[in-house]
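Structure, as C-alpha cells:
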Amino acid sequence: MHEDIYLQPGVPDPRLPDETVLAIARKYIPRAQTVTEVDESGGEARAYVIDNIYVLKVQRPHRLRPRTSLEKEVFFLKELATDQRITVPEVLGYGREEPYIEYILLTRMPGRAFRRLKLEGPARKEVLRALGQTLRLIHSLDQESLMESNHFPGDQTFEEFKFRLKELFADSVALINNQIAEKKLNWFLKTSPSEFAGEALAGLPEEGERVALHSNPGPEHTFIDPSANTFTGLIDFGDAYISHPALDLRRWRHPLDRMALLEGYVSLKPVSESFLKTWRVVMILADLASLASATDPQLKQALEEDLEARMAEK
C-alpha cells in the first residue's frame, strides 16, 4: 500500500482558541461573533464553523503532506467561481499566522454531507446525476491557467497515467489477496485477481485527455439539502491533481451510484469512445477497491456482477 509522507509529524496540533479563530475571521468579516462548531473529520484540516455560515479551514500542521495544499484550494476555488453553475464554497480570505497556522476563510456549504444522511431510490440517483453534471463543468473549465499555475501535481503523459493506474490496481489486488488468504473473501473468477487486473489494464486506450480533478468527490464532500433531498454543492479541493477525468467518477462504492454519476456527466455533453473505454477500466478498479473492504453481502454481489459485466465488454 502507498502511504502519505507527513512533512512535520512532530509539530503540535492544538485546537485553536475561539479568540484566535475569531480574530482571523474578523480580518475579513468584522461582524463575526461565535465559533459554533469544530469539525475534525477532514483529517488533514480542522474546520471552525463561525456563526453557522462561515468556515475557517486550518491546515493541521502535523498532517501537512505534499499532495494537500490550501493555497492550491484557494486558486482552484477562485477559478471555479468563474462558472456560476458550479456550486462550491466562496473564498473570503487566505493567509498564514504564526505559529504554524495556514487557513482559508470560506462560506459554509448549505445542507449536510451525503454520508451523514440515508438517501435511497430516485432521490439518490438525482443527487448523483447532479454531482456528475458538476464534475463535468469542473472538467470543462479552461485548463490552461490551472496547468500553468504549478499548484497541481499529476499525470502529464499517458505513461504517467497508466503507471498511476498500475499502482492503484496493485494496491487493490494486494488487499483482495489478503482477504482471500484470511478466508474473508471467496474469489469468484477463474483468473487470479492479479491476472484480472492485468486484463483490465490491457484494455486501456492511449489518449491525452487531462484535467484538474477534485480527487475525492465522494459522500463526505458531496452536500445535499436534507429537506428537499437535492444536491447543494461540493467541498474540499485541497487534494486536487491533474489526470484523466474518469478518475473523478470512481469514489462511490456501489456500481449503480457510479452509473448515475456517468449519466449526469454525459447529459451535458457526450464523451468520446476513448473516454468510455478508460472509464470502464477505472470502474473495474473501483469495483476491486470496494470489494476488498466490502462487508455487506448485497454490495459484494453487486460488485461481482459489475466486474463480470465490465470484463464482458471487451
Side-chain angles (χ1 to χ4, degrees), residues 4-82 84 86-117 149-152 214-227 232-241:
D4 277 307
I5 297 174
Y6 292 96
L7 303 178
Q8 44 189 23
V11 172
D13 179 39
R15 180 180 291 191
L16 298 178
D18 288 3
E19 294 78 8
T20 302
V21 172
L22 292 172
I24 294 172
R26 285 169 183 157
K27 292 181 178 182
Y28 310 94
I29 310 169
R31 63 184 180 277
Q33 295 294 320
T34 309
V35 176
T36 50
E37 183 183 343
V38 181
D39 184 355
E40 301 189 30
S41 62
E44 277 63 49
R46 182 180 283 119
Y48 301 86
V49 180
I50 300 168
D51 299 337
N52 291 317
I53 54 176
Y54 308 109
V55 174
L56 186 74
K57 182 177 179 179
V58 177
Q59 173 71 54
R60 301 181 71 178
H62 74 303
R63 302 289 288 179
L64 182 65
R65 59 186 181 180
R67 70 186 176 99
T68 302
S69 167
L70 296 189
E71 186 176 3
K72 171 177 61 182
E73 183 167 16
V74 168
F75 181 87
F76 203 179
L77 287 172
K78 288 183 177 180
E79 291 292 313
L80 295 171
T82 62
Q84 295 183 350
I86 301 174
T87 49
V88 294
E90 178 186 355
V91 177
L92 303 175
Y94 167 75
R96 299 174 186 268
E97 298 282 340
E98 295 297 337
Y100 308 117
I101 301 174
E102 183 184 10
Y103 66 85
I104 312 175
L105 184 64
L106 304 162
T107 55
R108 189 181 190 184
M109 182 61 65
R112 299 183 64 192
F114 192 108
R115 71 173 180 179
R116 298 182 183 275
L117 302 167
S149 69
N150 295 321
H151 286 305
F152 298 83
H214 176 282
S215 176
N216 183 16
E220 62 269 46
H221 299 138
T222 299
F223 272 59
I224 66 173
D225 177 347
S227 61
T232 59
L234 188 62
I235 69 166
D236 200 351
F237 288 78
D239 288 340
Y241 67 101

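This one's a predicted model, so the numbers in the text were calculated from it and none came from an experiment.
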Value rounded to 0.5 Å, distance of CD1 in Ile224 from CZ in Arg116: 12.0 Å
Side chain to side chain donor-acceptor pair (under 3.5 Å) partners of Ser227, counting only residues at least two apart: Asp225
Shortest non-hydrogen contact between Tyr28 and Gly93, atoms and distance: CE2-CA, 3.5 Å
Residues in side chain to side chain donor-acceptor pair (under 3.5 Å) contact with Thr68, at least two apart in sequence or another chain: Arg65, Asp239
Rounded distance [0.5 Å steps], CG in Leu92 versus CD1 in Ile50: 9.5 Å
Inter-residue atom distance His221.NE2 - Leu234.CG, 0.5 Å rounding: 8.5 Å
Point-to-point distance, once rounded to the nearest 0.5 Å, from CZ of Phe223 to CZ of Arg112: 9.5 Å
Atom of Val49, atom of Asn52 and distance for their closest heavy-atom approach: CG1-CA, 3.7 Å
Parallel, tilted or perpendicular, as decided by the 30° and 60° cut-offs, for the rings of His151 and Phe75: tilted
Reported OH-to-OG1 distance for the pair Tyr54 and Thr107, which is rounded to 0.5 angstrom: 9.0 Å
Side-chain heavy-atom pair Ile24, Val58 within 4.5 angstrom cut-off: no
Nearest heavy atoms of Leu105 and Ala25, plus distance in Å: CD2-O, 4.0 Å
With Phe237 via ring-ring contact (aromatic ring centres under 6.0 Å, His included) - residues at least two apart: Phe76, His214
Rounded distance [0.5 Å steps], CD in Glu97 versus NZ in Lys27: 3.5 Å
Show me the side-chain donor-acceptor pairs of residues 14-21 shorter than 3.5 Å, one per line, residues at least two apart or across chains.
| unit_1 | atom_1 | unit_2 | atom_2 | d |
| --- | --- | --- | --- | --- |
| Arg15 | NE | Glu40 | OE2 | 3.3 |
| Arg15 | NH2 | Glu40 | OE2 | 2.7 |

Check: Leu106 and Val91 side chains under 4.5 Å, non-hydrogen atoms: yes
Any residue meeting side chain to side chain contact (heavy atoms under 4.5 Å, CB included) with Glu102, in chain and number order, not counting sequence neighbours: Gln59, Leu70, Glu71, Tyr94, Arg96
Where Thr87 and Thr232 come nearest, the two heavy atoms and their spacing: OG1-O, 3.2 Å
For Lys72 against Ala240, the heavy-atom pair lying closest together: NZ-O, 2.7 Å
Closest non-hydrogen atom pair between Gln33 and Asp51, with its separation: N-OD2, 2.9 Å
With sequence neighbours excluded, residues passing side chain to side chain donor-acceptor pair (under 3.5 Å) with Lys78: none
